[in-house]
Trainee: 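Below are the structure tokens for one structure; questions will follow.
Quick note on labels: first sequence line is chain A, next is B, and so on, each numbered from 1.
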Protein chains: 2
Amino acid sequence: MTRNTRDRILEAGLTLFSKKGFLGSTTREIAKKAGVAELTLFRHFSSKERLFEETIKRHSFLPALKGLLPELKDLAYREALTQIAIRYLERLSARSELIKIMHSEIHSYPTKVKEIKQKFLGEMVGALASYFRGLQERGTLRDFDPVIAARAFLGMFFSYFTFEEFMTDKKQRFAQKDAVVREFVGFFVSGTVAQEPEPGVSGKGKSQSL
Amino acid sequence: MTRNTRDRILEAGLTLFSKKGFLGSTTREIAKKAGVAELTLFRHFSSKERLFEETIKRHSFLPALKGLLPELKDLAYREALTQIAIRYLERLSARSELIKIMHSEIHSYPTKVKEIKQKFLGEMVGALASYFRGLQERGTLRDFDPVIAARAFLGMFFSYFTFEEFMTDKKQRFAQKDAVVREFVGFFVSGTVAQEPEPGVSGKGKSQSL
DNA sequence: CGTTAATGTTAGCGCTTACTTACATTAAAC
DNA sequence: GTTTAATGTAAGTAAGCGCTAACATTAACG
């Protein structure tokens with residue numbers, strides 16, 4: 001039961017740290033939530049801080065995005081961006097506990113949190129940037145800094161996610177998610193200038209006349 | 001000296017709360033930083049929590065953006081967005097301490113923090129959205145949801161700001177700010193597709209020859 | 001001067017916290 | 001069936017916390 005006990009403590013740690021922050025969580029409560037004596041917690045982790053680090057490490061692993069890139073080749077630009085956006089939002093949702101911790105502890109544990117952010121954002125930015133770069137070389141996309149573009153794109157969604165996840169009530173959360181994804185992607189695909197892409201693509205185009 | 005003492009305490013509170021969070025800050029330290037006896041702190045604020053609330057209230061006031069809107073009328077679209085972006089980043093910088101507090105305490109004090117966010121983001125989103133709406137009615141912009149667009153635009157910059165402010169070292173911070181603003185605005189103005197907007201011509205097929 | 005309001009100094013209370021010590025219990029392995 | 005490793009129980013320590021009590025000091029004002 002050793003493995004199991006350790007896991008249960010880490011699980012309880014994730015839950016409580018994300019809910020109450022590092023200082024707001026007590027070892028008593030974590031142990032209780034894990035169904036374990038407080039002493040057992042200290043037998044597995046020498047200190048509360050070590051438990052915190054292990055909790056982050058344990059849960060910050062994220063599967064690579066590499067699987068997505070090949071699929072994108074077969075998709076139209078707009079559709080590819082939509083898929084990326086959806087996947088990205090899904091991954092953020094799956095790790096929302098961890099993002100809470102990042103938010104509340106970033107100033108106390110900048111180094112550790114930066115590591116997470118690096119894994120979380122850096123990987124996606126890199127993948128998206130190289131996707132942009134490929135389309136630029138083919139002449140499909142105009143010239144711009146692919147890394148900045150990737151940051152902007154993911155930044156829009158990250159901002160949207162954190163707002164919805166942490167600022168609104170559960171009931172109304174992500175009510176218009178599809179619409180938001182569509183619009184955000186639309187900005188990236190066609191910009192906000194009046195000229196419409198080929199008719200029927202976005203279904204809107206009410207005003208071409210200047 | 002009453003006013004002055006109270007102000008100094010609030011100032012010290014802002015500094016420490018933003019650096020260490022609510023639980024991480026002690027009344028002893030705040031008092032010391034304010035150059036005041038701890039007891040004096042409690043004579044002005046009945047509890048640490050009250051001091052926290054007052055600190056937020058005091059510093060969350062933000063001058064309205066209304067002054068900016070008329071100016072925008074005289075600017076080209078791209079230039080207007082650039083100005084908005086610059087002003088927005090300036091305001092975020094000016095209130096970075098408060099944003100730190102928001103980040104670290106949002107899960108513990110959701111109500112209070114939401115109020116700030118409302119003032120901070122809501123106001124700017126509203127202003128920008130009505131700007132978009134005006135241009136849509138004139139036919140300058142294509143049809144899209146102005147509120148979602150405003151959120152996306154500001155979200156890009158908010159995300160960029162928080163990343164630079166809290167994730168990078170001071171030395172390299174905002175090194176390429178102008179370039180980022182230019183690119184971000186560019187995405188909004190012309191999109192990422194290769195064809196530059198040429199008046200009258202239906203440009204940009206969404207994915208020619210993929 | 002004497003009054004008054006604001007602040008300082010010192011000491012400490014009551015509580016919670018992270019963490020420890022000493023010893024008992026379980027259960028699987030040999 | 002004895003050993004061994006993991007866990008439990010109970011009690012407690014040392015430190016820090018928010019906050020208070022009692023009294024002294026300052027300074028502005030009439």
Trainee: Please state how far atom NE2 in A/His44 lies from atom P in D/dG8, giving the value in whole angstrom units.
Mentor: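 Going from A/His44 (NE2) to D/dG8 (P), I get 8 Å.
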Trainee: Given 3.5 Å as the limit, does a donor-acceptor pair link the side chain of A/Lys32 with the main chain of A/Thr27, or not?
Mentor: no
Trainee: Assign each of A/Ala37 and A/Arg28 to its nearest nucleotide of DNA chain D by heavy atoms, then name whichever residue's nucleotide is nearer the 5' end.
Mentor: A/Ala37
Trainee: To the nearest Å, give me how far apart CD (A/Glu38) and C1' (D/dA6) are.
Mentor: 18 Å
Trainee: Using ring centroids (six-membered ring only for Trp), state whether A/Phe144 and A/Phe132 fall under 6.0 Å.
Mentor: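 Between A/Phe132 and A/Phe144, the centre distance is under 6.0 Å.
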Trainee: Whole Å only: how far is the CZ atom of B/Phe45 from the P atom of D/dT20?
Mentor: 15 Å
Trainee: Between C/dA18 atom C1' and A/Leu41 atom CG, what is the distance in whole Å?
Mentor: 10 Å
Trainee: In terms of side-chain heavy atoms of B/Thr27, which of D/dG18, C/dA18, D/dG8 is nearest?
Mentor: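 Between D/dG18, C/dA18, D/dG8, the one nearest the side chain of B/Thr27 would be D/dG18.
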Trainee: Measure from CZ on A/Arg6 to C1' on D/dA5 and round the result to the nearest Å.
Mentor: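 Interatomic distance, CZ of A/Arg6 to C1' of D/dA5: 16 Å.
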Trainee: Between A/Ser25 and A/Arg43, which residue's closest nucleotide on DNA chain C lies nearer the 5′ terminus?
Mentor: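 Looking at the nearest nucleotide for each, A/Ser25 comes out on the 5' side.
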Trainee: Between A/Phe157 and A/Phe161, is the ring centroid distance below 6.0 Å?
Mentor: no
Trainee: Sub-3.5 Å donor-acceptor pair from the side chain of B/Ser46 to the main-chain atoms of B/Phe42, do we have one?
Mentor: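 Side chain of B/Ser46 to backbone of B/Phe42, a donor-acceptor pair under 3.5 Å: no, none is there.
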Trainee: To the nearest Å, give me how far apart CZ (B/Phe42) and C1' (D/dC17) are.
Mentor: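 Value for this atom pair: 10 Å.
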Trainee: Taking the nucleotide of DNA chain D with the nearest heavy atom to each, does B/Ser47 or B/Leu39 sit closer to the 5' end?
Mentor: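 Nearer the 5' end of the strand: B/Ser47.
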Trainee: Within less than 4.0 Å of OP1 or OP2 of C/dT7, is there a side-chain N or O belonging to B/Thr5?
Mentor: yes
Trainee: Applying a 4.0 Å non-hydrogen cut-off, can you work out what A/Gly35 is touching in the nucleic acid: base, sugar-phosphate, or nothing?
Mentor: sugar-phosphate
Trainee: When the distance from CG of B/Leu16 to P of D/dC17 is rounded to whole Å, what number comes out?
Mentor: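 After rounding, the reported distance stands at 12 Å.
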Trainee: Are the ring centres of A/Phe22 and A/Phe52 closer than 6.0 Å?
Mentor: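 Centroid separation for A/Phe22 and A/Phe52: below 6.0 Å.
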Trainee: Rounded to whole Å, please give me the gap between CG in B/Leu51 and P in D/dC17.
Mentor: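 Result: 16 Å.
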